[in-house]
Amino acid sequence: MKTEEEERLIAHAVSRLSAKYPSISADVVADAVASAHAHFDGHRVRDFVPLLVERMAGEKLSSLVPS
């Protein structure tokens with residue numbers, strides 16, 4: 001079950017990833033985070049979900065930035 005704390009940490013992840021990838025629109029960053037977060041729906045252990053979401057979304061976003 002998602003908690004307020006988890007939602008707060010997910011919002012911070014969106015902010016950090018937006019700052020890390022300024023060339024990517026905020027909507028794309030938010031969508032990447034939402035998609036990664038949805039991946040963990042139904043999982044009972046939620047302690048590391050925000051960290052894993054940020055990593056998954058970051059990997060996806062990094063693939064969108066030309067090297």
Asker: Would you say Ile24 and Leu17 make side-chain contact, with heavy atoms under 4.5 Å?
Answerer: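 No - every pair of side-chain heavy atoms lies 4.5 Å or more apart.
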Asker: Under a single-linkage definition using a 4.5 Å side-chain heavy-atom cutoff for Ile, Leu, Val, Met, Phe, Trp and Tyr, are Val49 and Leu51 assigned to the same hydrophobic cluster?
Answerer: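 No: no chain of side-chain contacts under 4.5 Å links Val49 to Leu51.
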Asker: Measure up the His43 and His39 rings against each other and bin them: parallel (under 30°), tilted (30 to 60°), perpendicular (over 60°).
Answerer: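 The arrangement is tilted - the two ring planes meet at 30° to 60°.
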Asker: Atom CD of residue position Glu4 - does it have more than 12 heavy atoms of other residues, nucleotides or ligands inside 6.0 Å?
Answerer: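 No, CD of Glu4 has 12 or fewer neighbouring heavy atoms, counting only those of other groups under 6.0 Å.
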Asker: Would you say Ser35's side chain and Asp31's backbone share a donor-acceptor pair under 3.5 angstrom?
Answerer: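 Absent.
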Asker: Grouping I, L, V, M, F, W and Y whenever their side-chain heavy atoms are under 4.5 Å apart, do Leu9 and Val29 come out in a common cluster?
Answerer: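 Each belongs to a different hydrophobic cluster.
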Asker: Let me confirm one number: the OG-NZ distance from Ser15 to Lys20, rounded to the nearest 0.5 Å.
Answerer: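 Interatomic distance, Ser15 OG to Lys20 NZ, rounded to 0.5 Å: 14.5 Å.
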Asker: Please give me the minimum heavy-atom distance between Gly58 and Tyr21, naming the atom from each residue.
Answerer: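 Of all heavy-atom pairs spanning Gly58 and Tyr21, the closest is O-OH, 3.3 Å.
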Asker: If every non-hydrogen atom of Ala36 is compared with every non-hydrogen atom of Ala57, which pair is closest and at what distance?
Answerer: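 Closest approach of Ala36 to Ala57: CB-N, 4.2 Å.
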Asker: Mark yes when over 12 heavy atoms from residues, nucleotides or ligands other than Arg55 sit less than 6.0 Å from its CZ; otherwise mark no.
Answerer: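 12 or below, so no.
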Asker: To the closest 0.5 Å, what do you measure between CG (Asp47) and CD (Glu5)?
Answerer: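 Reported to 0.5 Å precision, the distance equals 11.0 Å.
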Asker: Taking a hydrophobic cluster as the set of Ile, Leu, Val, Met, Phe, Trp and Tyr residues connected by side-chain heavy atoms closer than 4.5 Å, whether directly or through intermediates, do Phe48 and Val53 fall within one such cluster?
Answerer: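 Hydrophobic grouping puts Phe48 with Val53.
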Asker: Under the side chain to side chain contact (heavy atoms under 4.5 Å, CB included) rule, what do Glu6 and His37 come out as? Steps first, then yes or no, please.
Answerer: CA-CA 10 Å; Glu6 182 177 316; His37 198 202; 2.6 Å; yes
Asker: Can you see which heavy atom on Phe40 is nearest to which on Met56, and at what distance?
Answerer: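 Shortest heavy-atom separation between Phe40 and Met56 comes out as CE1-SD, 3.6 Å.
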Asker: Is there a path of hydrophobic side-chain contacts, each under 4.5 Å between heavy atoms of I/L/V/M/F/W/Y residues, joining Leu64 to Val33?
Answerer: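 Yes: a chain of side-chain contacts under 4.5 Å links Val33 to Leu64.
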Asker: Do the side chain of Arg16 and the main chain of Ala11 share a donor and acceptor less than 3.5 angstrom apart?
Answerer: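 Side chain of Arg16 to backbone of Ala11: no pair is present.
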